[in-house]
Amino acid sequence: MLQLTVLREQTDQVIAGLNKKNYKNAAEEVAALLELDQQRRQVQNEHDELQRQANTMAKAIGSLMKSGEREKAEAYKTETAELKQKTKALAELLSTTEAQIQQALYKLPNLPHESVPAGRTAEDNEVVLQNGEIPDLHEGALPHWELIQKYDIIDFELGNKITGAGFPVYKKQGARLQRALINFFLDEAIAAGYMEVQPPILVNETSGYGTGQLPDKDGQMYHATADNLYLIPTAEVPITNIYRDTIVPVEQLPIKNTGHTPCFRREAGSWGADVRGLNRLHQFDKVEIVQVTLPEKSYQALEEMSDHIQGLLQKLELPYRVLRLCGGDMSFTASLTFDMEVYSAAQGRWLEVSSASNFETYQANRLKLRYKNESGKTQLLHTLNGSALALPRIVAAILENNQTLDGINMPKVLHPYLGFEKIS
RNA sequence: AGAGAGUUGGCGGAGUGGUCGAACGCGGCGGUCUUGAAAACCGUUGACUGUAACAGGUCCGGGGGUUCGAAUCCCUCACUCUCUGCCA
């Protein structure tokens with residue numbers, strides 16, 4: 001959530017930023033918000049003044065009672081009654097105004113970093129770099145959804161039976177490959193200085209608001225209504241919420257955590273022709289990296305995360321490219337996002353396998369995640385996260401790109417994790 | 001799930017209607033002393049809001065109520081602990 005002081009002091013930049021992010025009616029909404037803010041502060045001043053009067057009278061009554069001046073005390077009491085009425089009315093106005101401000105603030109997305117290119121859709125994203133060789137597949141090469149049937153390693157029909165579409169069952173070398181990738185990703189993250197955590201995969205409403213999935217993406221999460229808990233769409237939610245409501249000692253920064261979790265996404269309305277096989281699932285596994293840093297260090301941290309993710313792709317020998325997302329394609333909460341895409345050779349498509357973002361203070365403001373600067377003032381920290389990596393599309397690319405007529409070669413780094421070198 | 005107890009500042013722990021933002025201890029910070037350090041002693045030490053800066057206001061698990069006045073009384077929700085039950 002944006003900070004009101006920023007709206008107040010840098011109104012024009014805020015509006016320009018919202019526009020860049022393709023937010024409609026930015027100027028009007030910001031003006032309305034500032035109006036409400038003005039109103040709130042005025043009401044609060046009036047309310048506080050009455051409260052002050054009531055407080056002094058209550059104290060006066062107390063000492064009158066002690067010194068035995070009953071009648072005088074009674075007279076004061078009738079006076080306070082009126083004061084109370086007024087205070088109550090103002091308090092109600094104050095809280096409704098505050099609620100309005102809160103709601104309006106929740107609706108505003110984060111502001112984009114200055115390096116974010118203008119644009120509306122994925123077409124406008126900027127390709128930062130491309131790396132790795134695009135393989136030449138043999139005649140009759142298969143897309144991964146046929147390969148998994150041929151080698152019987154992932155079964156969508158079974159998943160349909162047990163749960164429904166988008167919940168595949170991984171089998172044999174397919175299951176083994178999943179486990180190998182998870183371990184490989186975690187080991188690499190740990191080697192890069194991240195601490196491994198295993199968080200809950202159901203979270204409460206407060207956590208959903210903390211990282212910004214609520215209220216924006218309400219319909220995208222599975223909701224266990226009996227207990228009002230949400231299945232996480234990404235480990236970002238529980239891992240970042242570890243630090244909700246904390247003032248972190250500076251010497252503990254930067255915080256670097258990693259974790260593997262299943263992720264659940266309803267993907268309401270986003271199913272179409274391009275989502276066959278592993279391209280889009282309701283449940284998938286992902287290793288996430290999360291950082292909490294000082295404001296002045298966060299972009300350096302984002303670079304570091306991007307390098308880490310690229311390192312994984314290089315070790316897996318996958319051709320990939322890095323995109324700098326344009327304003328219109330970035331997520332609600334991000335200031336700057338790099339997407340990593342791998343080339344899935346049989347489909348002939350780039351598939352998004354990672355997204356690394358700096359949220360600056362947007363999440364920290366909701367989370368109340370802060371530190372004390374040199375002068376002892378509490379200030380918001382910056383939060384970042386990235387997938388390192390999401391499994392299904394990595395699996396799709398590995399299968400498609402490395403297929404031969406008599407099996408699928410596994411990347412060398414995975415051999416020790418897999419216990420085999422080829423799916424056959 | 002049933003019965004009981006509890007939830008206070010970074011931590012421990014007082015406080016059952018009036019000047020309590022909260023005793024005391026520990027920890028942290030600053031200082032005295034010391035060649036330096038420890039010990040000892042002195043001082044200081046929460047968050048939010050608000051203001052140009054003061055002032056002022058709010059916060060003792062969350063929400064609501066009683067009262068001139070609530071950390072203290074009442075209601076409600078959440079969580080924690082102990083015992084019983086169930087269970088990977």
Side-chain angles (χ1 to χ4, degrees), chain A residues 1-10 33-105 198-210 214 224-230 238 241-253 255 262 292 361 364-381:
Chain A
M1 163 169 81
L2 299 176
Q3 293 168 271
L4 262 177
T5 52
V6 175
L7 291 205
R8 255 183 243 149
E9 287 158 19
Q10 300 166 41
L33 242 167
L34 289 177
E35 171 90 37
L36 274 174
D37 177 48
Q38 184 62 37
Q39 187 188 329
R40 197 213 94 229
R41 282 186 290 166
Q42 197 194 322
V43 173
Q44 178 156 57
N45 278 334
E46 290 170 22
H47 171 269
D48 287 358
E49 171 56 24
L50 293 184
Q51 192 64 250
R52 203 202 94 244
Q53 290 176 24
N55 285 345
T56 46
M57 288 190 95
K59 281 181 188 174
I61 290 170
S63 49
L64 285 175
M65 297 287 246
K66 259 187 192 161
S67 59
E69 300 172 71
R70 299 290 306 240
E71 307 89 64
K72 228 173 170 180
E74 289 302 323
Y76 269 45
K77 278 194 194 181
T78 50
E79 257 185 78
T80 24
E82 193 192 347
L83 211 52
K84 257 184 90 176
Q85 290 253 319
K86 285 192 198 159
T87 314
K88 201 178 171 192
L90 282 174
E92 271 162 25
L93 180 56
L94 188 62
S95 73
T96 54
T97 312
E98 274 170 355
Q100 283 175 332
I101 290 173
Q102 192 63 237
Q103 268 194 329
L105 277 178
Q198 279 194 24
I201 59 177
L202 280 164
V203 295
N204 59 30
E205 211 176 350
T206 312
S207 295
Y209 274 97
L214 291 174
T225 51
D227 298 285
N228 197 24
L229 296 173
Y230 292 85
N241 270 282
I242 290 173
Y243 303 99
R244 170 151 46 83
D245 288 322
T246 54
I247 297 177
V248 181
V250 177
E251 62 272 17
Q252 285 177 20
L253 296 168
I255 289 167
V292 178
T361 58
N365 192 28
R366 289 191 180 188
L367 293 161
K368 296 205 170 38
L369 168 50
R370 295 160 298 170
Y371 74 107
K372 284 192 202 276
N373 67 12
E374 298 86 354
S375 47
K377 219 177 157 221
T378 42
Q379 290 194 311
L380 294 171
L381 286 161

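In what follows, chains are A, B, ... by sequence order, proteins preceding strands, each numbered from 1. Quick caveat, the model's predicted, so the values are computed rather than measured. Hydrogens, waters and symmetry mates are skipped; everything else that's a heavy atom, side chains included, is used.
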Interatomic distance, A:L36 atom CG to A:I101 atom CD1 [nearest 0.5 angstrom]: 5.5 Å

Separation between CG of A:N365 and CG of A:L380, rounded to the nearest 0.5 Å: 5.0 Å

Distance, P atom - from B:C42 to B:G25, rounded to whole angstrom: 10 Å

Distance, rounded to the nearest Å, where A:L64 contributes CG and B:G69 contributes C1': 13 Å

Short N-O contact, A:D48 and A:R52, less than 4.0 angstrom: no

Gap in Å between the two P atoms, one belonging to B:G46 and one to B:U82, rounded: 34 Å

Distance-only polar pair, side chains of A:E98 and A:Q102, donor-acceptor under 3.5 Å: no

C1'-based separation of B:C60 from B:G9 [nearest Å]: 9 Å

Interatomic distance where CZ belongs to A:R244 and P belongs to B:C79 [whole Å]: 14 Å

Span that lies between the P atom of B:C20 and that of B:U35, in whole angstrom: 44 Å

Euclidean distance for C1', B:U8 against B:A23 (whole angstrom): 12 Å

Nearest-angstrom distance, P atom, B:U7 to B:G13: 10 Å

Stepwise side chain to side chain donor-acceptor pair (under 3.5 Å) check, A:Q42 with A:E46: CA-CA 6 Å; A:Q42 197 194 322; A:E46 290 170 22; 3.2 Å; yes

Criterion side-chain contact (heavy atoms from CB on, under 4.5 Å) on A:H47 and A:T87, from CA distance to verdict: CA-CA 6 Å; A:H47 171 269; A:T87 314; 3.7 Å; yes

Letter per nucleotide, 5' to 3', of nucleotides 44-68 of chain B [B base touched, S only sugar-phosphate touched, - untouched; heavy atoms, 4.0 Å]: --SSSSSS----BSS---------B

Verdict with supporting geometry, A:L369 and A:T246, side-chain contact (heavy atoms from CB on, under 4.5 Å): CA-CA 5 Å; A:L369 168 50; A:T246 54; 3.6 Å; yes

Enclosure of A:Y76 OH (heavy-atom neighbours >12, cutoff 6.0 Å): no

Pairwise P distance for B:U84 and B:C77, with rounding to whole Å: 27 Å

B:G15 to B:C68 separation - C1' atoms, rounded to the nearest Å: 23 Å

Between A:Q53 and A:E49, a side-chain donor and acceptor under 3.5 Å: yes

Dot-bracket summary - RNA chain B, pairs being Watson-Crick or G-U whose distances fall under 3.5 Å, with | when paired to another strand: ((((((((.[[[..)..(.....]]]((((((.......))))))((((......)))).[[[[[..)....]]]]])))))))....

